Amino acid sequence: METTEIINIFSTFGFPTAMVIVMGYAMWKMYKSNEKSNRETVAESIKIRDQYISYIQMSNVEITGTLKESTVAAKENAAALKDNAAALNRFAVVLERLEKKIDNE
């Protein structure tokens, strides 16, 4: 609304009516400005949210892969420890036999 239009409103209507019209127009302009700003903010928020979601999904895939690898490594480690325990048990048996032979001689 231009200045001449505002002046015409005041000259056409009485002061209270003109103030209501001008204030209504000002409020409408503020509403439109805020609405535009809010729409831009919402669009940007959705964009950032989508980026975070894709990052979290990618991280989840990486973590899941790491967990699978760790599980496989833990199983292999457990098998190796079992083999080591069996070898130590066999070695203990051999040492017992040697000890008996030494004691008998």
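These numbers were taken from a predicted model, which means no experiment stands behind them.
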Would you give me the side-chain donor-acceptor pairs under 3.5 Å for residues 82-99, sequence neighbours excluded?
from  : atom 1 : to    : atom 2 : distance (Å)
Asn89 : ND2    : Ala85 : O      : 3.4

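- Linking ILVMFWY residues whenever their side-chain heavy atoms come closer than 4.5 Å, directly or via other members, places Val22 and Phe15 in the same cluster.
- Taking a 4.5 Å side-chain heavy-atom cut-off between Ile, Leu, Val, Met, Phe, Trp and Tyr, the cluster of Tyr31 contains only that residue.
- Distance alone, capped at 3.5 Å, places no donor-acceptor pair between the Ser33 side chain and the Lys29 backbone.
- Residues passing the side-chain hydrogen bond (donor to acceptor under 3.5 Å, both in side chains) test with Arg39, sequence neighbours excluded: Glu35.
- Ile46 meets the side-chain contact (heavy atoms from CB on, under 4.5 Å) test with Val42, Arg49, Asp50; sequence neighbours excluded.
- How far CH2 of Trp28 is from OH of Tyr25: 6.0 Å, rounded to the nearest 0.5 Å.
- To the nearest 0.5 angstrom, Thr41 atom OG1 is 10.0 Å from Ile48 atom CD1.
- Separation of atoms OG1 (Thr17) and CD1 (Ile21) is listed at 6.5 Å; rounding is to 0.5 Å.
- Around atom CE of Met23, no more than 12 heavy atoms belonging to other residues, nucleotides or ligands sit under 6.0 Å away.
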For Glu44 and Glu40, what are the C-alpha separation, side-chain angles and deciding distance, and is it a side chain to side chain contact (heavy atoms under 4.5 Å, CB included)? CA-CA 6 Å; Glu44 187 66 25; Glu40 292 170 358; over 6 Å; no
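- Val72 belongs to no multi-residue hydrophobic cluster, having no ILVMFWY side-chain contact under 4.5 Å with any other such residue.
- In this structure, Met30 belongs to a hydrophobic cluster whose other members, linked by side-chain heavy atoms under 4.5 Å apart, are Met27.
- Once rounded to the nearest 0.5 Å, the distance linking OG1 of Thr64 with CD of Glu62 reads 10.0 Å.
- At least one donor-acceptor pair closer than 3.5 Å links the side chain of Asn104 to the backbone N or O of Lys100.
- Atoms CG and OG, from Asn38 and Ser45 in turn, are 10.0 Å apart once rounded to the nearest 0.5 Å.
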